Amino acid sequence: MWRRATLFLRVLEPPIHINASLSQTFTTGFPFHFQEKDGICPKPLITFVLGGPGSGKGTQCGKIVETFGFKHLSAGDLLRREMVSDSEYGSMIMNTIGEGRIVPSEVTVKLILREMESSDNHKFLIDGFPRSQENRIAFEQIIGAEPHMVLFFDCPEEEMVKRVLSRNQGRIDDNINTIKNRLQVFESLNLPVIDYYAKKGKLYRINAVGTVDEIFEHVRPVFEACEF
Ligand SMILES: Nc1ncnc2c1ncn2[C@@H]1O[C@H](COP(=O)(O)OP(=O)(O)OP(=O)(O)O)[C@@H](O)[C@H]1O
Ligand SMILES: Nc1ccn([C@H]2C[C@H](O)[C@@H](COP(=O)(O)O)O2)c(=O)n1
Ligand SMILES: [Mg+2]
């Protein structure tokens, strides 16, 4: 039931090396294998969801899924799941997340790819990715696709820190020291990606201050304006 979506996906660079243990679960080369639905292979619609730690990306993704029927892929959640699995990357991921740094792009992109390939939905919300230009380039190289739009939840640091410290979900990075590092990483590595998409005309900046429902009322028209 797999068919190559060659026509739809933009090929940018030669495939990067895929290491032995992951190559059994991930497709080598690109474009990725996309699930056929009702006899046709739909074009994947990719939305990247960016914003600082605690800006509300995951919360708003939940509402977008409910309202617009996307498949939500949180890069952080995929990494946390990999971390507690038997993966050879477990301890590396745990140390990296614990210090508020970014996991090597190849690992993260392949986790995303695995989820995309096994999904029967063609509309993807990719949350917390790309966190760096290196992440972005790895996605383009491995998956051979670009987002049709990018949401940026713009939230003051003080509010992000307050939200993260009261999240209470047992995350190893929800402590003041790691948050300081994550904020620095956001500024130095993630803001350039946000600028990149702004220059390409793909960025939708959402004011992330207010109640969850108020913020969603800024998000809704962005999706309503799209023809899916
Ligand atoms: N508009 C809001 N007002 C107050 N609290 C909020 C709002 N949106 C989300 N929260 C809460 O703030 C915390 C962080 O939100 P969320 O997990 O959605 O952020 P995130 O951007 O995904 O963060 P991270 O990058 O750390 O995963 C959660 O406890 C969530 O319930
Ligand atoms: N593209 C990504 C996304 C996440 N991570 C790591 C580092 C983050 O601090 C952590 C938590 O992510 P979140 O749940 O806040 O989106 O996961 C990464 O290395 N690369
Ligand atoms: Mg999140």
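In this chain, numbering begins with 1 at the start of the sequence shown. Note that this is a predicted model, so its numbers are computed, not measured. Just follow the structure's listing: the first ligand is 1, and inside any ligand the first atom is 1.
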Asker: Can you confirm whether Leu203 sits close enough to Tyr196 that some side-chain heavy atom of one is under 4.5 Å from a side-chain heavy atom of the other?
Answerer: no
Asker: Taking heavy atoms and a distance under 4.0 Å, where does Asp173 meet ligand 2: side chain, backbone, both or neither?
Answerer: side chain
Asker: Between Phe70 and Lys123, is there a cation-pi geometry (under 6.0 Å to ring centre, at most 45° from the normal)?
Answerer: yes
Asker: Within the supplied structure, the quantity of interest is the number of heavy atoms (other residues, nucleotides, ligands) at a distance under 6.0 Å from Glu217 CD; does it exceed 12?
Answerer: yes
Asker: Among all protein heavy atoms, pick out the one at the shortest distance from atom 7 (C) of ligand 2; state its residue, atom name and that distance to 0.1 Å.
Answerer: Arg101 O, 3.3 Å
Asker: May I ask you to identify, for Asn135, whether its side chain, its backbone, both or neither come under 4.0 Å of ligand 2 on a heavy-atom basis?
Answerer: side chain
Asker: Show the atoms of ligand 2 that are less than 4.0 angstrom away from any heavy atom in Gly128.
Answerer: 1 (N), 2 (C), 3 (C)
Asker: Does any part of the side chain of Ile126, heavy atoms only, come nearer than 4.5 Å to the side chain of Met116, both counted from C-beta?
Answerer: yes
Asker: Which residue owns the protein heavy atom closest to atom 9 (O) of ligand 2, what's the atom, and how far is it?
Answerer: Arg182 NE, 3.3 Å
Asker: As an exercise, identify every atom of ligand 2 less than 4.0 angstrom from a heavy atom of Ala75.
Answerer: 1 (N), 3 (C)
Asker: Would you call Glu115 and Arg81 a salt bridge, taking side-chain N to carboxylate O under 4.0 Å as the test?
Answerer: yes
Asker: Looking at Ile93 and Met83, what are the two nearest heavy atoms and their distance?
Answerer: CG2-CB, 3.9 Å
Asker: Under 3.5 Å between some N or O of ligand 2 and some N or O of Ser74?
Answerer: no
Asker: Considering only heavy atoms, does Arg80 approach ligand 2 within less than 4.0 Å through its side chain, its backbone, both, or neither?
Answerer: side chain
Asker: Regarding Asn207 and His218, do their side chains bring together a donor and an acceptor under 3.5 Å, going by distance alone?
Answerer: no
Asker: Any side-chain heavy atom of His148 sitting closer than 4.5 Å to one from Thr47?
Answerer: yes
Asker: So Val150 and Val193, side chain to side chain contact (heavy atoms under 4.5 Å, CB included) or not? Walk me through it.
Answerer: CA-CA 10 Å; Val150 179; Val193 178; over 6 Å; no
Asker: Taking only heavy atoms of Phe129, which atoms of ligand 2 are found under 4.0 Å from at least one of them?
Answerer: 1 (N)
Asker: List the closest protein heavy-atom neighbour of atom 8 (C) of ligand 2: residue, atom name, distance to the nearest 0.1 Å.
Answerer: Arg131 NH2, 3.6 Å
Asker: Test Tyr197 against Arg136 for side chain to side chain contact (heavy atoms under 4.5 Å, CB included), laying out the working first.
Answerer: CA-CA 10 Å; Tyr197 286 119; Arg136 176 182 68 73; 3.3 Å; yes
Asker: So which protein residues pack against ligand 1 under 4.0 Å, heavy atoms counted?
Answerer: Gly52, Pro53, Gly54, Ser55, Gly56, Lys57, Gly58, Thr59, Arg163, Arg167, Arg171, Arg182, Gly210, Thr211, Val212, Ile215
Asker: Take a 6.0 Å sphere around CE of Met92 and say whether it holds more than 12 heavy atoms from other residues, nucleotides or ligands.
Answerer: yes
Asker: Near Val103, which atoms of ligand 2 are under 4.0 Å from a heavy atom of that residue?
Answerer: 18 (C), 19 (O)
Asker: Counting heavy atoms only, name the option from Leu79, Asp77, Leu78, Val109 that's nearest to atom 5 (N) of ligand 2.
Answerer: Leu79
Asker: Please lay out, stage by stage, how Tyr89 and Leu79 fare under the test side chain to side chain contact (heavy atoms under 4.5 Å, CB included).
Answerer: CA-CA 9 Å; Tyr89 299 110; Leu79 288 166; over 6 Å; no
Asker: Would you call Lys63 and Asp213 a salt bridge, using N to O less than 4.0 angstrom?
Answerer: yes
Asker: If the cut-off is 4.0 Å to any non-hydrogen atom of Ile97, which atoms of ligand 2 fall inside it?
Answerer: 6 (C), 10 (C), 17 (O)
Asker: Test of understanding: given a 4.0 Å heavy-atom threshold, classify the contact between Arg136 and ligand 2 as side chain, backbone, both, or neither.
Answerer: neither
Asker: Can you list the ligand 2 atoms lying under 4.0 Å from a non-hydrogen atom of Ile102?
Answerer: 19 (O), 20 (N)
